[in-house]
Amino acid sequence: DELVRVLGVNLDWRMHECSDGQRKKVRIMLKLLRPFRLCVIDEFAADLDIFSRKRFYDYLTEQCAKFGASVVYATHIFDQADVWATHVAFMQLDKVLSPIHELKTYAPYQEILARSGAARAMCPFYVMVLEELERQYRAHADFFTEDNQCLTDVIMASQAREEEADKHELAQSEGDQSGWVPGRVARDMALQDMEEQRKKNGEEKKRRAQ
């Protein structure tokens, strides 16, 4: 009930008639029905409106405080991250994760926060990530050409040479990744509960037989 309220989900929605944002809300709700100790989220905010995003951030903060849990959130969308995140780590060009930095003591971030006037950062988190990426690309001289090509052009050209990520993961997946769920949301959740209860009953019978 709390997730339904937080995300603004209508249990009578038919998934094939829902928008991308509504489908995203339902997928998030189904994944978080049980309390968690570690939640890994990859770019969940893209299809959520700003009110849903804010309420969901607040919900995750509450869950972390209540259960001593942690959330690892991978994203390219940084609005509202400034007031929610506590730590940051960067995926580096060699595909190795950087050390984890606590934002309140991370010098580059604090320096960006201190900027004022024309240099003021309207979205400090975005500026921090952008400057970190620029630093990484500048550190790799092989990305640059002799004609002093624009850094952005060099970055985009290097990305264009990359192979497809995960070799078309969606095409290889055995399950349907379209986000479509047959019938009503409430029916789907009821079927899921029935399946879980069936498994519990089966395990109980095995224990009795032993």
Side-chain angles (χ1 to χ4, degrees), residues 1-89 91 97 100-103 125 165-166 169-210:
D1 290 343
E2 184 178 8
L3 278 170
V4 170
R5 177 187 61 80
V6 167
L7 293 170
V9 171
N10 184 337
L11 295 180
D12 288 328
W13 280 343
R14 291 185 178 275
M15 295 304 292
H16 66 286
E17 297 176 350
C18 288
S19 66
D20 289 342
Q22 290 170 333
R23 292 183 183 185
K24 178 66 71 70
K25 291 179 180 181
V26 173
R27 288 198 294 270
I28 292 171
M29 181 187 70
L30 293 176
K31 292 293 185 182
L32 294 178
L33 288 176
R34 295 184 180 87
F36 61 86
R37 294 299 302 275
L38 176 64
C39 180
V40 181
I41 304 177
D42 182 9
E43 204 63 277
F44 83 88
D47 297 317
L48 296 183
D49 61 81
I50 58 174
F51 294 110
S52 298
R53 207 178 310 165
K54 173 63 166 60
R55 287 197 300 265
F56 188 57
Y57 275 137
D58 292 343
Y59 171 81
L60 291 177
T61 299
E62 178 186 330
Q63 293 296 297
C64 288
K66 184 176 181 179
F67 298 104
S70 298
V71 176
V72 178
Y73 175 34
T75 185
H76 292 88
I77 301 175
F78 304 111
D79 56 314
Q80 298 181 330
D82 297 89
V83 296
W84 179 71
T86 59
H87 296 71
V88 66
M91 181 58 69
L97 197 64
I100 299 174
H101 307 285
E102 188 175 13
L103 288 174
F125 217 90
D166 299 322
E169 183 184 57
L170 294 181
Q172 291 185 345
S173 175
E174 294 181 359
D176 179 15
Q177 300 294 319
S178 66
W180 183 85
V181 179
R184 294 183 183 273
V185 177
R187 174 180 177 275
D188 185 69
M189 294 175 64
L191 291 174
Q192 184 177 343
D193 288 340
M194 291 170 61
E195 177 63 19
E196 292 178 356
Q197 188 61 47
R198 185 188 65 79
K199 291 180 180 178
K200 289 180 180 178
N201 293 340
E203 293 172 356
E204 182 63 25
K205 288 181 180 179
K206 288 182 180 179
R207 283 196 295 269
R208 291 176 180 175
Q210 294 174 353

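Note that the numbering runs from 1 along the sequence shown for the chain.
Side-chain contact between V88 and L103 is present, with at least one heavy-atom pair separated by less than 4.5 Å. For the pair V26/V9, a side-chain contact is recorded, criterion being any heavy-atom separation below 4.5 Å from C-beta on. Between L38 and V40, the closest side-chain pair of non-hydrogen atoms falls below 4.5 Å.
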Any chance you could lay out the side chain to side chain contact (heavy atoms under 4.5 Å, CB included) test for V4 and M29, step after step, and finish with the verdict?
-> CA-CA 7 Å; V4 170; M29 181 187 70; 3.6 Å; yes
After noting the C-alpha distance and the side-chain angles of W84 and L60, does the key distance pass the side chain to side chain contact (heavy atoms under 4.5 Å, CB included) rule?
-> CA-CA 9 Å; W84 179 71; L60 291 177; 3.8 Å; yes
Dump the intermediate steps for side chain to side chain contact (heavy atoms under 4.5 Å, CB included) on F56 and T61, then the final yes or no.
-> CA-CA 9 Å; F56 188 57; T61 299; over 6 Å; no
Apply the test side chain to side chain contact (heavy atoms under 4.5 Å, CB included) to residues D42 and Y73: give CA-CA distance (whole Å), side-chain angles for both, the deciding distance (0.1 Å), then the verdict.
-> CA-CA 6 Å; D42 182 9; Y73 175 34; over 6 Å; no
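Contact between L32 and C39 at its shortest, heavy atoms only, is CD2-SG, 3.9 Å. For the pair A89 and I100, the tightest heavy-atom approach, listed with the atom from each and the gap, is CB-CG1, 4.1 Å.
Without hydrogens or angle criteria, R37 side chain to S70 main chain gives no donor-acceptor distance under 3.5 Å.
With rounding to the nearest 0.5 Å, the separation of OG1 in T75 from CD1 in I41 is 10.0 Å. Once rounded to the nearest 0.5 Å, the distance linking CD of Q63 with CZ of F36 reads 5.5 Å. Rounding to the nearest 0.5 Å places CZ of R23 at 14.5 Å from CD1 of I28. Note that OG of S19 is 7.0 Å distant from CH2 of W13, once rounded to the nearest 0.5 Å.
Within the structure, every pair that satisfies the salt bridge (Lys or Arg N to Asp or Glu O under 4.0 Å) test and touches residues 54-78, not counting sequence neighbours, is listed here: K54-D58.
Salt bridge E204/R207: present, at least one basic N to carboxylate O contact under 4.0 Å.
Within a 6.0 Å sphere centred on CG of L97, other residues, nucleotides and ligands contribute more than 12 heavy atoms.
Residues that satisfy the side-chain hydrogen bond (donor to acceptor under 3.5 Å, both in side chains) test with N201, not counting sequence neighbours, are Q197.
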